[in-house]
There are 2 protein chains.
Amino acid sequence: MRMSQLAQEAGLPTATVKYYLREGLLHEGRLTSPTQAHYDETHVERLRLIRALVGPAGQSIASTRRILAAIADPPSELDLLGIAHDAVTPRYPAELPTDRARQVVEGLGWNSAHCAPSTLGALQEALDGLEAGGFELSDETLERYASAMMVVAADEIAEIPTDSAEAAARFVILGTVLVEPLLLALRRLAQQTASAQRFSGSRQSG
Amino acid sequence: MRMSQLAQEAGLPTATVKYYLREGLLHEGRLTSPTQAHYDETHVERLRLIRALVGPAGQSIASTRRILAAIADPPSELDLLGIAHDAVTPRYPAELPTDRARQVVEGLGWNSAHCAPSTLGALQEALDGLEAGGFELSDETLERYASAMMVVAADEIAEIPTDSAEAAARFVILGTVLVEPLLLALRRLAQQTASAQRFSGSRQSG
DNA sequence: CAATACTGGATAGTTAGACTATCCATGTCA
DNA sequence: TGACATGGATAGTCTAACTATCCAGTATTG
């Protein structure tokens with residue numbers, strides 16, 4: 001198919017498709033002449049993936065490019081997560097001390113040596129944010145949250161496909177990013193459900 | 001204190017403080033003359049909160065304004081969550097059908113009538129995103145994720161302070177937003193921990 | 001085979017969001 | 001008194017993500 005049809009299939013203006021081509025998010029079509037190209041189903045799928053990443057998953061174009069690159073050139077299983085997380089985690093100021101984050105991680109019985117610095121930075125920022133908002137989480141609460149997320153994470157790690165490096169990379173990298181909005185939506189729905197139970201039934205729709 | 005000192009306490013340029021004043025995020029200082037004003041500790045705290053919201057919590061200025069307004073003018077406990085979630089959830093296209101989201105919620109044994117439309121929209125988008133990425137979550141996996149988030153949510157709902165409407169509003173609204181980055185960070189750390197366990201020990205730092 | 005429409009690629013322009021800089025008529029204080 | 005700071009208004013900057021225009025080169029149609 002040609003570009004206008006590709007754009008139509010993906011529900012995007014051709015100008016946007018051209019933009020994604022320029023930005024290297026979408027692979028080139030097969031040139032049939034110096035000024036004409038053909039696109040196929042892989043382009044349609046890629047566009048859908050791009051939209052999912054920059055839409056619900058909230059990734060930037062630059063981050064999406066890194067994610068797609070990591071999938072296309074799969075790293076070894078050993079540092080898959082590191083690369084996935086680094087591709088996705090914004091840079092934190094290197095001077096941000098992560099003492100408290102480390103302390104929390106160790107307190108949970110996890111080994112902070114296994115944790116990427118950028119992820120520890122993210123935890124530190126989250127803790128700082130809560131503090132700025134006047135929240136203090138008890139250790140027990142933090143532990144409950146952490147074990148809840150461990151349930152999710154253990155599940156995900158267990159389900160990493162082992163048949164091919166490509167499949168594993170795709171699973172880990174996309175799973176990292178695409179499951180985030182799912183979890184946040186589930187949390188809110190759970191809050192609404194729990195709230196309805198606590199305030200026994202009648203709540204106005206908000 | 002005066003503006004330059006306020007800005008210094010918060011670690012921000014005065015131009016930014018002025019901007020937040022203009023945008024209505026920061027309450028006015030007490031005028032001591034037509035062109036001079038005094039600020040106090042509440043302004044410093046407010047600035048810290050604003051930075052936490054627009055920083056780690058990733059909220060926009062407009063969303064931050066809604067959040068602060070909801071805290072300042074606390075709604076009843078009954079529709080607190082609805083307002084908190086609406087203040088925070090981006091608008092979803094109204095025509096987006098949420099059939100599947102409803103079905104998932106009901107399948108979890110929750111009552112979709114207790115769920116805000118915007119939150120169902122968020123769930124639907126998350127599910128669509130996963131599908132676009134070629135993921136299919138089994139019902140069991142979805143259930144495990146949902147119950148993990150219910151652990152978190154039930155905890156939060158149970159801890160809503162009951163002494164004052166202000167305290168409750170602050171807890172719910174800020175908790176909704178500020179805990180999100182915490183959960184995402186914990187999930188990644190849990191993944192790294194689980195991964196290290198699965199691949200028995202030696203993983204390069206990423 | 002000429003007229004027309006469309007294509008891919010390059011380049012420039014737009015929009016929105018979040019600041020940032022400049023001005024200026026007061027205040028303040030050494 | 002006079003240098004400097006302040007609050008408020010206004011305009012400018014910067015980045016990200018598109019969007020519009022242009023143009024030479026096909027494809028297509030009568």
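Everything quoted here is computed from the prediction, not taken from an experiment. Per chain, numbering begins at 1; letters A, B, ... match sequence-line order.
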Discussion item. Output the rounded distance in Å from CG (A/Leu21) to P (C/dG8).
Written reply: 9 Å

Worksheet item: Rounding to a whole Å, what distance do you find between B/Leu6:CG and D/dT6:P?
Response: 11 Å

Discussion item. Name the residue from B/Arg46, B/Arg51, B/Arg65 that meets the side-chain hydrogen bond (donor to acceptor under 3.5 Å, both in side chains) definition with B/Tyr20.
Written reply: B/Arg51

Discussion item. Under 4.0 Å, counting only non-hydrogen atoms across every strand here, what does B/Ser4 touch: a base, just sugar-phosphate, or nothing?
Written reply: sugar-phosphate

Discussion item. Whole angstroms only, please: what is the CG-P distance between A/Leu31 and C/dT7?
Written reply: 15 Å

Worksheet item: Do the non-hydrogen side-chain atoms of B/Thr119 and A/Gln191 ever get within less than 4.5 Å of each other?
Response: no

Let me check something: any side-chain donor-acceptor pairs from residues 3-10 of chain A under 3.5 Å, sequence neighbours excluded? List them with distances.
none

Worksheet entry | Pairwise ring-ring contact (aromatic ring centres under 6.0 Å, His included) hits with a residue in residues 148-190 of chain B, at least two apart | A/Phe135-B/Phe171

Discussion item. Checking A/Ser60 against A/Ser63 for the side-chain hydrogen bond (donor to acceptor under 3.5 Å, both in side chains) test, could you report, in this order, the C-alpha distance in whole Å, the side-chain angles of both residues, the deciding distance, and whether it holds?
Written reply: CA-CA 5 Å; A/Ser60 68; A/Ser63 165; 4.7 Å; no

Practice prompt. Can you tell me the distance, in whole Å, between the NE2 atom of A/His43 and the C1' atom of C/dG8?
Written response: 13 Å

Practice prompt. Would you mind reading off the distance between A/Met3 atom CE and C/dC6 atom P, rounded to a whole angstrom?
Written response: 15 Å

Practice prompt. Starting from P on C/dG17, measure out to CZ on B/Arg66 and report it in whole angstrom.
Written response: 11 Å

Worksheet entry | Annotated protein contacts, base or backbone, on nucleotides 15-29 of chain D with a non-hydrogen cut-off under 4.0 Å, one of B, S, - each | --BBB-----SSS--

Discussion item. Is it the case that over 12 heavy atoms from other parts of the model lie below 6.0 angstrom from the CG atom of A/Asp139?
Written reply: no

Worksheet, complete the sentence: Atom CZ of A/Arg30 and atom C1' of C/dG9 are separated, to the nearest Å, by 19 Å

Fill in: Value in whole Å for how far the P atom of C/dC19 lies from CG of B/Leu47
12 Å

